[in-house]
Amino acid sequence: MIETKLTKLLGIKYPIVGGTMMWITTADFVAAISNAGGLGILASAVYPSREEFEVAIDSIQKQTDKPFAVNINLFPAMRAIDNNEYVDVMVDRGVKVVETSGHSAPEELCKRFKDAGMTWIHKCVGVKYALKVQKMGADMVTVVGYENGGATGRLDICTMVLVPTVVDAVDVPVIGGGGISDGRGIAAILALGAEGVIMGTRIMATMECPIHDNLKQALVGASELDTMLIMRSINATHRVWVNDAAKKCHDLEEAKASFEELYEVIKGDNAKKMYDDGDLDVGIVSCGQGVGLTHDVPTVAVLFDRIMKEAEERISALSGQIVR
Ligand SMILES: Cc1cc2nc3c(=O)[nH]c(=O)nc-3n(C[C@H](O)[C@H](O)[C@H](O)COP(=O)(O)O)c2cc1C
């Protein structure tokens, strides 16, 4: 068993956080991740109304008595989002852990997290952002390196350098990730000084993940070369799986197309259609380089048990190699 500040602070079995994924980390999947010993995070932005969000929270609480979190999206969004409404429901339902990602949380939102006694985790991609949110009162920071699936920001710092840099710079516990798919990666992140690991890409290829099987199989068949960066021209760089939609976005950016033209390709509805129907070229799917280490589609519990065992074995093997 590996105990860290993250497992002790949150009361979870494994130091694994299931990364927020738009359209994907919905109630059932979040409950599966938490029941498997990690921290599941509900993507609040999936739910357009207070009522639908309430149903999702109730559903998680029915399916698990384990800790889970809710992500509050601070990225620019096409749909106007009133995050205060989500926080109202979280306070009402007694949600104990909140994750923010995107820009820094507005002061009044942070105050609400604190007043409600929530543990506040902020996810970012650079030391300057980590220091900023620590000052604002974040209880933990998550940092994801350039290898990661999804938003990579503009700093382009790889996980290997980002994690220890942030560990050295902040006083709060750090969760690290970007490219982590197996026990060796977990051992490495802990060796870099983080208290836990965040995984997104790897957990898409699990039985409970609510995406079409065509996409799961495509991810299993992909290599570390099958991702690309897009959307840098609109200041929203994402690492995604190489498919027709991603290549089209890239070409439009090269041709300096308007935002409206780009939007037709990158809009979330296309991704949702792809997740639901399994047409692999319809939308953009965030995907990290760790896809090259993704070889099967187990249940979340089988995956977590296996990779934590691997991590323990790796750490023991390394300590056995020390010659005194
Ligand atoms: C399909 C997909 C969708 C994602 N959507 C979001 C999101 O809506 N909000 C967010 O903060 N991060 C999002 N992420 C990032 C993950 O939460 C996590 O930080 C990242 O996947 C970790 O890197 P890895 O993919 O290399 O494991 C997404 C990642 C993937 C793969």
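Atoms within each ligand, like the ligands themselves, are counted from 1 in listed order. Heavy-atom basis, side chains included; hydrogens, waters and symmetry copies ignored. Predicted, not measured: the structure shown is a model, and the values here were computed from it.
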**Study point:** Residue list, salt bridge (charged side-chain N to carboxylate O under 4.0 Å, His left out) with D305, at least two apart or on another chain
**Key:**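 Applying salt bridge (charged side-chain N to carboxylate O under 4.0 Å, His left out) to D305 gives none.
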Check your understanding: What are the two closest heavy atoms between T227 and G288, and how far apart are they?
Key ->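 Scanning both residues, the minimum pair turns out to be CG2-O, 3.5 Å.
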Exercise for review: Please list all pairs passing the side chain to side chain donor-acceptor pair (under 3.5 Å) test where one or both residues lie in residues 240-256, with sequence neighbours left out.
Suggested key: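 Side chain to side chain donor-acceptor pair (under 3.5 Å) check on residues 240-256 returns S233-E253.
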Review point. Tell me the ring-ring contact (aromatic ring centres under 6.0 Å, His included) pairs involving residues 63-104, sequence neighbours left out?
Key: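 Only F53-Y86 qualify under ring-ring contact (aromatic ring centres under 6.0 Å, His included).
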Practice item. Enumerate the protein residues lying less than 4.0 Å from ligand 1, judged by heavy-atom distances, in chain and residue-number order. Key: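 Lining ligand 1: G19, T20, M21, M22, I24, F75, S101, K123, V144, N148, G149, G178, G179, I198, M199, G200, T201, M204, Y275, S286.
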Review point. Hey, are S286 and H238 close enough side-chain-wise for a donor-acceptor pair under 3.5 Å?
Key: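 Not at all, the side chains of H238 and S286 share no donor-acceptor pair under 3.5 Å.
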Practice item. State whether D296 and R306 are salt-bridged, where the test is any N-O pair (Lys NZ or Arg NE/NH1/NH2 against Asp/Glu carboxylate O) under 4.0 Å. Key: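 Salt bridge flag = yes for R306 with D296.
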